[in-house]
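For reference, the structure discussed in these notes is given below.
Residue numbers start from 1 in every chain, and the chains themselves are labelled A, B, ... in the order their sequence lines are given, proteins ahead of strands.
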Protein chains: 2
Amino acid sequence: MNEEATRRRATVHDVAKAAGVSLATVDRVLNGRSGVRAATAEKVEEAIVRLGFSRDLNASLMARARDLKVVFFIPDGSNEFMDSLAEAVARRSMPALSDRMHLSTRRIRALDAGSLAAGLDALDPRDCDCAVIVTSEEPEILAAVDSATRRGIAVMTLVSDLPGSARKHFIGVDNVAAGRTAASLLGRFLPQGGKVAVIAGSLHLRDHLDRLDGFREVLARDFPALHLVGPLEGHDERVETQALVAKLLSDYPDLSGIYNLGAGNMGLVAALEAVGNKISPRVIAHELSAPTRAGLMSGAIDVVLDQNPDGEIREAITAARALALGAGRHIATDPIEIGIFLRDNLR
Amino acid sequence: MNEEATRRRATVHDVAKAAGVSLATVDRVLNGRSGVRAATAEKVEEAIVRLGFSRDLNASLMARARDLKVVFFIPDGSNEFMDSLAEAVARRSMPALSDRMHLSTRRIRALDAGSLAAGLDALDPRDCDCAVIVTSEEPEILAAVDSATRRGIAVMTLVSDLPGSARKHFIGVDNVAAGRTAASLLGRFLPQGGKVAVIAGSLHLRDHLDRLDGFREVLARDFPALHLVGPLEGHDERVETQALVAKLLSDYPDLSGIYNLGAGNMGLVAALEAVGNKISPRVIAHELSAPTRAGLMSGAIDVVLDQNPDGEIREAITAARALALGAGRHIATDPIEIGIFLRDNLR
DNA sequence: TCAGAATTGAGGTACGTGCCTCATGACTTT
DNA sequence: AAAGTCATGAGGCACGTACCTCAATTCTGA
């Protein structure tokens, strides 16, 4: 009574036998090589489906001479979160190497569509199996993504999606839900109601707009006692945000809460600490970084919503591996959760 | 000017050459086979360190005939969270198979040390490369862990650690921090102060005690206006917890908050919904599950702290792979974060 | 019908490791 | 010194896939 008779996974040999063709033909179909008649390819595809065959990624990678190459395009300069992403990639580089994956990072000018598009266009399929991009929605980039895809480079979006493009996968959080969460927390923090200011980086950024939408929705629905001030734009800049918050605090001495849904947190904290305990609104910001950590510890910031860059990079790598080797079908990854951090659960 | 001269990773062949021994000897050392003089083994070890060699897990797994077998021992019945863990294992089973890992689950009587110890003792090293256990601290289990380790089975603890044992790794959250977070949130929810009740499953469970400690610490330090009622014990039971909460609400009509740090959430929600809007304290519970989700949606529960069973299982599998194949050195895994969920960021 | 092109088959080597056998040499015991 | 034990080397096969070559077959068009 041997119940561990779990059958072997199907191999290319099994597929060849089942399709009634040779191993070489199966190989041609699997790797998109030319010289196979449509009818024959059909037989092979059918056998693949029938046997539930899926290529063994480990064996596949071992058989290829070169490593799997993944290039991350990450915006430069604008805010600390992007640095966290780059650092997360760097942290994974060594361990990934032992999985035969070679990660590299290119920092590009933030919000400079031309620079990212040029970077994508310059990619040689032999030097890059998969490109991971953090981008805003621009026709220029959409075209570059489609072109790269045609050249055989799998493109994946990170943090912010690019709907309508040929990108194979998206990794990121639900920013509308993030905005709703911020409103929900502020509402509970301020049972007596009051004025709540919202600061965005730019109202031209998709993720910032999403957060604003979610925030407004919950405020209107659940907390009519809270009144919105803004949204104001700090352009994700330290100095500009600091001036903005300072003015806010002097204009509204009775301000109950602040939601900074963009970057520029160093300025936010500086402005808050400048007024000391005289005015201390409940404050919610985005992304764990040095300034937001400091703000949490000093009490200037109450809650930080975080999209866990390490988790995003981990899932991006997993997806890249599956994408570059898999037949290009749909890829499933673990969802990225919105982390909520107070001073007491800082990681 | 070819700058991609990243040198190959060292292989067993390189190690053999560097140590001046044959491949067979390197293999004997690497896989702990007998028949190698101490002096010779030393030479090999030295070469391994010098070359920074680390075994290619994929090739290694491919070369072995059998899959890597991981057995999860998960308590049965007591609370919904354990079911989530089991489901997470089930969800990973298929994908893991394509990584040559065979996962299986054994449900054991909750808090029955004898049953878990017997299960561990019965493990045959040929049927199990790594055992993952969820357990309380008992001498009996400690002995069983050490025995299994001697037989060549790597043991890992999940959710709750077993210090002093031969377990190779622990996956779980910081429960003291979880308790601190609960207090910090309740404190912010209740700026006017008031009475806060704490319900535990049992004061004999290590993780529950840790949460209680963290909760008390922050309450005492930061929120002197909040007064603790309890802790009470609901034994992670639906009916018992429901009766407990009902009595609590009638005894303390002015109750401001409830922190349920154990299970039995179905009873908690039922008791809260029974009194309707007449009394509606701020409520924090643990672990996302059907009852806590329902509670969040209905407004009976404000916040749920969650330890992300899927993430824990993911990390456990990664660690098991490294443990069972690696030389048994220290394993690094991503930390498990404490998730904070409101109705607005339910995943 | 026959040249030329397109398609398919057969079989090899390689990737890095595990695991096996057999032979050789060195060292120990009686 | 003979017999035995232990340590080591040499080499091969296997895992599942990629990628290559060369021949054999089928198809196409004039």
Side-chain angles (χ1 to χ4, degrees), chain A residues 7-17 19-44 47-48 51-68 97-101 126 129 152 321 324-327, chain B residues 7-17 19-44 47-48 51 53-68 97-102 126 129 152 321 324-327:
Chain A
R7 241 190 321 282
R8 277 184 320 104
R9 296 181 59 208
T11 73
V12 280
H13 295 82
D14 302 323
V15 173
K17 210 168 299 172
V21 300
S22 77
L23 219 95
T25 299
V26 173
D27 180 71
R28 290 179 182 112
V29 172
L30 270 180
N31 295 294
R33 279 184 254 283
S34 61
V36 181
R37 225 172 359 206
T40 311
E42 192 100 8
K43 284 197 301 185
V44 175
I48 288 176
L51 297 184
F53 167 83
S54 83
R55 167 181 3 218
D56 183 320
L57 297 195
N58 296 328
S60 169
L61 262 189
M62 188 157 80
R64 311 161 43 126
R66 58 212 185 76
D67 280 5
L68 202 56
L97 220 47
S98 68
D99 255 344
R100 291 195 158 72
M101 302 193 63
R126 288 167 304 185
D129 299 274
R321 186 186 174 89
L325 294 174
Chain B
R7 243 192 319 285
R8 275 185 321 105
R9 297 181 59 208
T11 73
V12 279
H13 295 82
D14 301 323
V15 173
K17 210 168 298 172
V21 301
S22 76
L23 229 124
T25 298
V26 173
D27 180 71
R28 290 179 182 111
V29 172
L30 271 180
N31 295 295
R33 280 185 254 283
S34 61
V36 181
R37 223 167 6 199
T40 311
E42 192 100 7
K43 283 197 302 184
V44 175
I48 288 177
L51 297 185
F53 166 83
S54 83
R55 165 183 3 220
D56 183 322
L57 296 194
N58 295 327
S60 169
L61 216 38
M62 189 156 80
R64 309 163 40 127
R66 56 209 187 80
D67 280 5
L68 203 55
L97 220 47
S98 68
D99 255 344
R100 292 197 157 71
M101 303 194 62
H102 183 274
R126 288 167 305 185
D129 300 274
R321 185 185 175 91
L325 294 174

Euclidean distance, atom [atom1] of residue [X] to atom [atom2] of [N] [Å, nearest integer]:
X: His13(A); N: dA10(C); atom1: NE2; atom2: C1'; answer: 12 Å
X: Asp14(B); N: dC15(C); atom1: CG; atom2: C1'; answer: 13 Å
X: Leu23(B); N: dG16(C); atom1: CG; atom2: C1'; answer: 10 Å
X: Lys43(B); N: dA7(D); atom1: NZ; atom2: P; answer: 14 Å
X: Asp99(B); N: dG16(D); atom1: CG; atom2: C1'; answer: 14 Å
X: Met62(A); N: dT13(C); atom1: CE; atom2: C1'; answer: 13 Å
X: Arg33(B); N: dC20(C); atom1: CZ; atom2: C1'; answer: 9 Å
X: Asp129(B); N: dG18(C); atom1: CG; atom2: C1'; answer: 13 Å

[X] side chain, from C-beta outward: closest of [options]:
X: Ser22(A); options: dG9(D), dG16(D), dG9(C); answer: dG9(C)
X: Thr40(B); options: dC19(D), dT8(D), dC15(C); answer: dT8(D)
X: Val21(A); options: dC19(C), dT8(D), dG9(C); answer: dG9(C)
X: Asp56(A); options: dG16(C), dT17(D), dC19(C); answer: dT17(D)

Spacing of [atom1] belonging to [X] relative to [atom2] belonging to [Y], to within rounding of 0.5 Å:
X: Arg64(B); Y: Asp129(B); atom1: CZ; atom2: CG; answer: 5.0 Å
X: Met62(A); Y: Asp56(B); atom1: CE; atom2: CG; answer: 7.0 Å
X: Arg66(B); Y: Leu61(B); atom1: CZ; atom2: CG; answer: 10.0 Å

Contact class for [X] (heavy atom, under 4.0 Å): base, sugar-phosphate, or nothing?
X: Arg66(A); result: nothing
X: Asp27(A); result: base
X: Asn31(B); result: sugar-phosphate

At their closest point, which heavy atom of Leu23(A) faces which heavy atom of His13(A), and how far apart are they?
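Closest approach of Leu23(A) to His13(A): CD1-CD2, 3.3 Å.
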
[X] side-chain N/O to [N] phosphate OP1/OP2 under 4.0 Å:
X: Arg37(B); N: dT8(D); value: yes
X: Thr25(A); N: dT8(C); value: no
X: Ser60(B); N: dG18(C); value: yes
X: Arg64(B); N: dC15(D); value: no

Hey, is the main chain of Asp27(A) close enough, under 3.5 Å, to the side chain of Asn31(A) for a donor-acceptor pair?
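Yes, Asn31(A) side chain to Asp27(A) backbone: donor-acceptor pair under 3.5 Å.
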
Backbone N or O of Asn58(A) within a donor-acceptor pair of the Arg100(B) side chain at under 3.5 Å?
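No, Arg100(B) side chain to Asn58(A) backbone: no donor-acceptor pair under 3.5 Å.
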
Between Ala24(A) and Thr11(A), just flag the one whose closest nucleotide in DNA chain D comes earlier from the 5' side.
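Its nearest nucleotide being more 5', the pick is Thr11(A).
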
Between Leu30(A) and Ser34(B), name the one whose nearest nucleotide on DNA chain D is closer to the 5' end.
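Going by which nucleotide is closer to the 5' end, it is Ser34(B).
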
What about Arg55(B): does its side chain form a donor-acceptor pair under 3.5 Å with the base of dG18(C)?
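Answer no: no donor N or O sits under 3.5 Å from an acceptor.
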
Please compare Arg28(B) and Ser54(B) by the position of their nearest nucleotide in DNA chain C and report the one closer to 5'.
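In this pair, the answer is Ser54(B).
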
